[in-house]
Structure formats: C-alpha cells, structure tokens
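Quick caveat: nothing in here was measured; it's all calculated off a predicted structure.
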Amino acid sequence: MPFDFEAVKEFLRCPDCRAELVPSGDRLVCTNRERRLAFPIQDGIPILLTDEAQELSEEDWKRLLDNAPR
C-alpha cells in the first residue's frame with residue numbers, strides 16, 4: 001500500500017524540530033534549513049526516527065524542496 005501523504009500531511013512534523021515535512025520520492029524531507037533531514041518511507045510507512053534519517057547537503061535539500069509538492 002503506498003503512503004498517502006495528503007491524508008496525513010496536516011499531522012506530520014519532523015520529530016527532531018517539529019518543522020513541516022514534504023514528500024520527495026521515497027522519503028519525507030524536513031523543511032528546516034538548519035536540520036535538512038530526510039526520513040525514509042518503507043513499504044508505505046514513514047520511518048520518523050531521527051537515527052534513521054539522512055542529513056542532506058544544503059544543495060540537495062534545496063533541490064528537493066524546490067521540486068516537492070506542497
């Protein structure tokens with residue numbers, strides 16, 4: 001079952017800083033420029049654990065946010 005971002009977007013927040021999350025392919029990206037975390041989505045389930053997140057470079061983060069639906 002695919003992850004339905006639209007159904008839960010108003011409830012989703014970054015577990016680290018509480019910023020908004022936006023979808024980008026198979027992950028959710030934190031909109032906080034200071035953190036730049038990307039959380040994986042596995043088997044339709046977002047893994048919102050800071051230990052599982054990838055910290056993105058500023059360039060990658062900006063590119064992903066520029067292309068992410070909001």
Side-chain angles (χ1 to χ4, degrees):
M1 171 183 262
F3 175 63
D4 185 3
F5 177 75
E6 290 299 317
V8 296
K9 71 179 181 180
E10 68 184 83
F11 303 108
L12 283 179
R13 294 289 180 254
C14 174
D16 183 63
C17 67
R18 309 301 298 158
E20 195 177 341
L21 295 170
V22 295
S24 179
D26 61 349
R27 55 191 165 178
L28 294 173
V29 178
C30 177
T31 57
N32 182 337
R33 169 172 260 140
E34 300 298 315
R35 297 299 296 144
R36 300 185 314 268
L37 295 175
F39 298 90
I41 300 172
Q42 297 174 352
D43 299 322
I45 301 169
I47 310 300
L48 298 178
L49 301 171
T50 305
D51 291 343
E52 297 292 322
Q54 173 189 11
E55 188 169 353
L56 301 170
S57 70
E58 189 159 355
E59 298 83 32
D60 287 343
W61 176 82
K62 184 168 177 15
R63 181 179 45 78
L64 290 174
L65 284 187
D66 286 347
N67 294 318
R70 294 206 182 205

Could you check K9 against E20 for salt bridge (charged side-chain N to carboxylate O under 4.0 Å, His left out), going step by step and ending with a plain yes or no? CA-CA 8 Å; K9 71 179 181 180; E20 195 177 341; over 6 Å; no
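Of all heavy-atom pairs between C14 and L21, the closest is N-CG, 3.7 Å. The two residues S24 and V29 come nearest to each other via the heavy atoms CB-CG2, 3.9 Å. Nearest heavy-atom pair across R35 and E55 is O-CG, 3.6 Å.
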Would you be so kind as to tabulate the donor-acceptor pairs closer than 3.5 Å made by side chains of residues 44-53, with sequence neighbours excluded?
none

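Between R63 and D60 there is a salt bridge, since at least one side-chain N of the basic residue sits less than 4.0 Å from a carboxylate O of the acidic one.
For Q54, the side-chain hydrogen bond (donor to acceptor under 3.5 Å, both in side chains) test picks out R27, with sequence neighbours left out. Partners of E34 by side-chain contact (heavy atoms from CB on, under 4.5 Å), not counting sequence neighbours, listed by chain and number: N32.
W61 contributes a side-chain N or O that, together with a main-chain N or O of C30, makes up a donor-acceptor pair within less than 3.5 Å. Formation of a donor-acceptor pair under 3.5 Å by the R36 side chain with backbone atoms of L56 is found in this model.
Looking only at side-chain heavy atoms (C-beta outward), F3 and P23 stay at 4.5 Å or farther from each other.
The structure places CG of L65 at 7.0 Å from OG1 of T31, a figure rounded to the nearest 0.5 Å.
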